[in-house]
K.L.:
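Below is a structure I'd like to ask you about.
Letters A, B, ... are given to chains in the order of the sequence lines, protein chains preceding strands, and every chain is numbered from 1.
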Amino acid sequence: MSKKLFLLDAMALIYRAYYALIRSPRITSKGINTNAQFGFTNTLFDLINKEKPTHLAVCFDTHAPTERHIDFTDYKANRQEAPEDLLASIPDIQRIIRGFNIPCVELDGYEADDVIGTLAWQAADAGYEVYMVTPDKDYGQLLIHPSVFIYKPPYMGSKEEVLDAKKVCEKWDIARVEQVVDILGLMGDAVDNIPGIPGVGEKTAAKLLKEYDTLENVLANADSIKGALGEKVRNGKDSAIISKKLATIITNVPVQFHEEDYQLKAWNNEALIEVFTELEFKTLGKRILGDAFNVFQTAAAGVQTDLFGNAVETKTAAKADGEEGLLATGFSADKNINNTPHEYHLLDTPEKVQAFLNDAVQQSEICFDTETTGLDANEADLVGMSFSFTPGVAFYIPCPPERDKTLAVLEQLRPLLEKPDITWIGQNLKYDMLVLKWYAFELKGNIYDTMLAHYVVEPEGRRSMDLLSAQYLGYEPVHIEELIGKKGKTQGNMRDVAVDKIKDYAAEDADITLQLKHALHPQLKEKEVEKVFYEVENPLVKVLTAMEFEGVKVDVGFLREYSKQLEIEAKQFEENVYQEAGVRFNLSSPRQLGEVLFDKLKLDPKAKKTKTGQYATGEDVLLKLAGNSSIVSDILGYRELTKLRSTYVDALPEMINSKTGRVHTSYAQAVAVTGRLSSNNPNLQNIPIRTERGKEIRKAFVPRDAEHTLISADYSQIELRVIAAISGDENMCEAFKQGKDIHTATAAKVYGIADEEVTKEQRYKAKSVNFGIIYGQGAFGLADNLGISRAEAKEIIDNYKKEFSGITRYMDGMINFAKEHGYVQTLMGRKRWLRDINSSNFTVRGFAERNAINSPIQGTAADMVKMAMIRIQAAMEKEKLRSRMILQVHDELVFDAHNDELEILKPLILENMKAALPLPNEVPVEAELGTGINWLEAH
DNA sequence: AAGTTCACG
DNA sequence: ACGTACGTGAACTTT
């Protein structure tokens, strides 16, 4: 057997692991982020398992400066400081590596790639096959040696990949791997702040090398390169030479490859158990160490699991010293459905279904899940349903493709589905209920949505079934891809999958969801979020289901006409821009626009500010351009019109449902961290209103027929009322109690004048401060926003803080509360955890501090609207109205109202909105309402 | 898949 | 010296 050496680029892998999991970080019960430790360990273990190396080493960078830093002070200068979590992970990772009895190699004055390069070539000369484990493309240059390869570990769904010299050449479009350093020298590397030749990218570099073979030869022939490119090359000669040197990996650093040191040996299990326990690697620990870890865990935790995986208290078990934290979060961690005997039943005859029903109607809680032909609940057909009420046992009932047969199946289930005293448990039940609603069935009992339970327990993470199962049950369920393939062109249809396979998949989903409920449920109490769960989120599900089912009518004819008009006007703006610029280019490309504006036309403040080094061309930048030339207004005109056309006018008709002729948005109830809803497919929460041309689009949203009218009702200044109320600021509370215009009242206080003396200008500035305050804005931001000096902005803010000292107290109070408790909360007890609040990094901490100020405000307003929706829906049902609530836009509710019901409905809506969530300090809640034959008119 | 811009509250 | 106002979703370009 040949000898295989793997050399790991530790920091690159650690970074990747950390950021791969950043959206759903792994946090221990002590609040430590273990993304990097987890990801790295996973990669290392999988590698050992799969690739069976005979020899292995992990290489680190050291803090000592390298020759590159000394030669070129900008080297890696723009690199952001690593997050604290990530830096803190390194000692743990080194302990883990030592636990595996693998050497860590590092050398002051050299980077990991130099060490790896040197060792790789030495080992290869000694007859090894060498794999350098790294995602870094620069390593390509080392493949000059034929037995050296790059091994890219699997990442985000893509498989691992072994790169040889041929593949590297293909990637860069070059002839020989020796040219890797030439290409890097020419194009530079933004990540390491290696400049290269400005304006030369990957493509251009490859082109140059095709013609001239080496970087030196390119430079030698710079005079014969024509046009702008030649100019760039001639100007960038010095930079190119330095860049090539920086990009060249040193292969003769003072290390020696002693093969016996790098040979894989037996692990130090004790050391590994200690680290894994500390890091709470439950499943991973067991996967790596097997029973050695299991025995320890169970004893340490003082909890065992019964046959079905339920946590059972063991009275006699004593906690091992120092292992308090292991189950402190309250989930039963060691459940593994794999080890639990499970029975998944296929109920494919009416007799079997009946037997199931007899049992099921006795239950108080049943987990329910549907399988359908698609992701859009308004278009999908039912393929089957699964149920579970005993952990490990689940039932799957298939539905035939013919609609009448599916209806017959549902009919048999009617006594169960409509039983009023059942609690239906499910993951994202809105989807399942919406599917049922298209068959005119509904779940009449209570519901318990595990997705929402997780949302209130942990609003920030993601919560797919797969993730939740892994996190709370330590179990990886069957992936849907195994049934219907990956998303995209190859994705198949659930209808075409063999019924036995669907049964296993679907039944498992119901089984897992039931167990998930048991794991999550104690967390509601522990985290003190029961109120927001039971009084806000859970009851809202049925309301949203009804709204999504209803949809809204869109006047397609109007939009088609408007589209033509916008197209003509946009074209005119576009032509104007090309005239003014003197070139034709793609005006939709910010990159090309930036080059035209700043390189060709040399317009004044050269704001080069995007992180990729391109010119920023956003509206704020363009408006600051010298002279406000007409090209700017033409660009902005073009942008406005094309935006309106592509995002709304042309897109909305495409979203019309084939069955209803209406547009059905989908509300995401567990996405926005503050507690707001979000809307997608299409997003109906960002329909234009601020510009004349934009608000026209609202005319396309119309009542269902001539007997109906749209009603729009919105809260007045809800966020400011909330901050007044929860801060208890006297002046602001008083202004609201007296029914004053809040921005005028604010201006009067800030400028020390009477309300009547406030000018438009002053009111405008005060309004900006009021909004800025909600978000934690500083003097810089206010100055930028209002186009005033920082001194003036500071003065306004100082005055504001003095006059509204209660607001200042609130802001400081929230930050201190967060620092002490690690979270902030809304009136309904909705929490947001802010683990960066004590960070030593100014920027990171500042972000958390602004969240601490803003989240309770935005979140309390969200609580209030949601509660209003629940009340209004209930009242409308009680009155048996034909009118329907159809849209929510954060502080606004829209209704498709029957004309006969308008006079009942108006007070019903307003009263329920005002009374939904009374604010402290007697701050009144006001709402306003309008009606019309379209949304614009109603607003 | 990431970055940029822009629509809303 | 740095960055600077919160929360979203979608379209388009570029990698």
Side-chain angles (χ1 to χ4, degrees), chain A residues 77-78 80-81 155-158 171 190 201-203 459 585-594 609-622 635-636 639-652 655 665-668 671-691 693-695 697-698 714-715 717-719 723 768-785 790 793 832 841-859 861-862 865 887-892:
Chain A
N78 65 353
Q80 286 204 335
E81 210 182 311
Y155 183 59
M156 303 284 268
S158 61
K171 275 219 161 131
E202 189 182 326
K203 292 283 153 58
F585 58 99
N586 184 352
L587 185 48
S588 296
S589 162
R591 202 183 138 178
Q592 294 182 30
L593 175 63
K609 83 160 196 219
T610 70
K611 51 187 159 191
T612 50
Q614 285 171 46
Y615 296 119
T617 67
E619 185 172 354
D620 51 335
V621 175
L622 295 186
I635 294 164
L636 294 177
R639 286 233 178 112
E640 182 190 355
L641 301 193
T642 50
K643 173 87 176 178
L644 294 178
R645 221 159 81 87
S646 67
T647 309
Y648 307 101
V649 180
D650 290 349
L652 282 170
M655 304 295 289
T665 186
S666 177
Y667 289 102
V671 168
V673 282
T674 52
R676 276 189 176 181
L677 298 177
S678 77
S679 156
N680 59 46
N681 296 308
N683 183 352
L684 296 185
Q685 289 181 324
N686 71 347
I687 301 301
I689 192 161
R690 292 174 186 170
T691 67
R693 287 188 178 96
K695 64 167 66 157
I697 293 170
R698 295 203 168 210
D714 65 324
Y715 281 113
Q717 305 293 359
I718 190 58
E719 293 196 344
I723 194 175
S768 184
V769 183
N770 272 333
F771 283 113
I773 288 292
I774 296 176
Y775 305 138
Q777 186 184 45
F780 181 96
L782 182 67
D784 188 55
N785 193 357
R790 274 179 76 174
R832 177 167 185 185
N841 180 316
F842 179 87
T843 311
V844 172
R845 189 181 62 248
F847 193 70
E849 287 174 354
R850 293 193 294 275
N851 287 153
I853 294 167
N854 175 259
S855 294
I857 305 167
Q858 194 179 111
V865 188
L887 297 173
Q888 189 254 43
V889 193
H890 309 306
D891 64 355
E892 174 189 8

K.L.:
In whole Å, measure the gap between the P atoms of B:dT5 and C:dT4 for me.
P.N.:
14 Å
K.L.:
Can you check the A:Tyr775 OH to C:dT8 P distance for me, whole Å?
P.N.:
12 Å
K.L.:
Which part of the nucleic acid does A:Tyr715 contact within heavy-atom distance under 4.0 Å: base, sugar-phosphate only, or nothing?
P.N.:
nothing
K.L.:
Does A:Arg676 have a side-chain nitrogen or oxygen under 4.0 Å from the phosphate oxygens OP1 or OP2 of C:dG7?
P.N.:
no
K.L.:
From CG of A:Leu677 over to P of B:dC8, roughly how many Å is that when rounded to an integer?
P.N.:
19 Å
K.L.:
Under 4.0 Å: is that the gap between some side-chain N or O of A:Ser646 and OP1 or OP2 of C:dC12?
P.N.:
yes
K.L.:
Looking only at the side chain of A:Arg790 (C-beta and beyond, no hydrogens), which of the listed nucleotides C:dG7, C:dT4, C:dA10 gets closest?
P.N.:
C:dT4
K.L.:
Give a yes/no answer on whether the side chain of A:Arg832 brings an N or O atom under 4.0 Å of OP1 or OP2 in C:dG7.
P.N.:
yes
K.L.:
Given A:Phe847, which of A:Val844, A:Thr843, A:Asn851 fulfils the side chain to side chain contact (heavy atoms under 4.5 Å, CB included) condition?
P.N.:
A:Asn851
K.L.:
Side chain of A:Thr674 only, heavy atoms from C-beta on: which candidate in C:dG7, C:dG3, B:dC6 is closest?
P.N.:
C:dG7
K.L.:
Applying a 4.0 Å non-hydrogen cut-off, can you work out what A:Glu719 is touching in the nucleic acid: base, sugar-phosphate, or nothing?
P.N.:
nothing
K.L.:
I need the CG-C1' distance between A:Leu782 and C:dG3, as an integer number of Å.
P.N.:
16 Å
K.L.:
If C:dA1 has a Watson-Crick or G-U wobble mate with both distances under 3.5 Å, name it; if not, just say none.
P.N.:
none
K.L.:
What are the two closest non-hydrogen atoms of A:Pro688 and A:Ile697, and how far apart are they?
P.N.:
CG-CD1, 4.0 Å
K.L.:
What integer distance in Å separates A:Asp620:CG from B:dT5:C1'?
P.N.:
10 Å
K.L.:
Give the rounded distance in Å between these two atoms: CG of A:Leu644 and C1' of B:dT5.
P.N.:
13 Å
K.L.:
Contact class for A:Thr642 (heavy atom, under 4.0 Å): base, sugar-phosphate, or nothing?
P.N.:
nothing
K.L.:
Reckon A:Arg639 has a side-chain N or O less than 4.0 Å from the OP1 or OP2 of B:dC6?
P.N.:
yes
K.L.:
Between C:dG3 and B:dT4, how far is it from one P atom to the other, in whole Å?
P.N.:
14 Å
K.L.:
How many Å lie between OH on A:Tyr615 and P on B:dT5, as a whole number?
P.N.:
14 Å
K.L.:
Report which part of the nucleic acid A:Ile689 touches: base, sugar-phosphate, or nothing (heavy-atom distance under 4.0 Å, all strands).
P.N.:
sugar-phosphate
K.L.:
Closest heavy-atom contact between A:Phe585 and A:Gln592?
P.N.:
CB-OE1, 3.6 Å
K.L.:
So if I take every side-chain heavy atom of A:Val671 and compare against C:dG9, C:dG7, B:dG9, which nucleotide ends up nearest?
P.N.:
C:dG9
K.L.:
Give the rounded distance in Å between these two atoms: NZ of A:Lys695 and P of B:dC6.
P.N.:
20 Å
K.L.:
Less than 4.0 angstrom between a side-chain N/O of A:Arg591 and OP1 or OP2 of C:dT15, yes or no?
P.N.:
yes
K.L.:
Respond yes when some side-chain nitrogen or oxygen of A:Asn586 is under 4.0 Å from OP1 or OP2 of C:dT13, and no when none is.
P.N.:
yes
K.L.:
For C:dG9, does OP1 or OP2 lie under 4.0 Å from any side-chain N or O of A:Ser679?
P.N.:
no
K.L.:
Considering only side-chain heavy atoms of A:His890, which listed nucleotide, B:dG9, C:dT8, B:dT4, is closest?
P.N.:
B:dG9
K.L.:
Can you tell me how far CZ of A:Arg698 sits from CD1 of A:Ile687, rounded to the nearest 0.5 angstrom?
P.N.:
7.0 Å
K.L.:
Distance check, rounded to the nearest 0.5 Å: A:Gln717 atom CD versus A:Glu719 atom CD?
P.N.:
10.0 Å
K.L.:
For A:Leu684, is there any backbone N or O sitting under 3.5 Å from a side-chain donor or acceptor partner on A:Ser679?
P.N.:
yes
K.L.:
So A:Ile687, base contact, sugar-phosphate only, or nothing? Heavy-atom distance under 4.0 Å.
P.N.:
sugar-phosphate
K.L.:
Under 4.0 Å between a side-chain N or O of A:Arg690 and OP1 or OP2 of B:dG9?
P.N.:
yes
K.L.:
Which heavy atom in A:Gln685 sits nearest to a heavy atom in A:Tyr667, and how many Å separate them?
P.N.:
NE2-CE2, 4.1 Å
K.L.:
A:Asp714 has an atom CG; how far is it from atom P of B:dG9, in whole Å?
P.N.:
9 Å
K.L.:
Is the shortest side-chain N/O distance from A:Ser589 to OP1 or OP2 of C:dT14 below 4.0 Å?
P.N.:
yes
K.L.:
So for A:Gln685 and B:dC8, does any side-chain atom that can act as donor or acceptor lie under 3.5 Å from a complementary atom in the base?
P.N.:
no
K.L.:
Quick one: on DNA chain C, does A:Gln592 or A:Asn681 contact a more 5' nucleotide (nearest heavy atom)?
P.N.:
A:Asn681
K.L.:
Could you tell me which non-hydrogen atom of A:Leu636 sits nearest to which non-hydrogen atom of A:Glu619, and how far apart they are?
P.N.:
CD2-CG, 3.9 Å
K.L.:
Expressed as a whole number of Å, how far does the C1' atom of C:dC2 sit from that of B:dA7?
P.N.:
30 Å
K.L.:
Which part of the nucleic acid, if any, lies within contact of A:Asn683, taking any heavy atom under 4.0 Å across all strands shown: a base, the sugar-phosphate backbone alone, or nothing?
P.N.:
sugar-phosphate
K.L.:
Looking at A:Thr647, does any N or O in its side chain come under 4.0 Å of the phosphate oxygens OP1/OP2 on C:dA10?
P.N.:
no
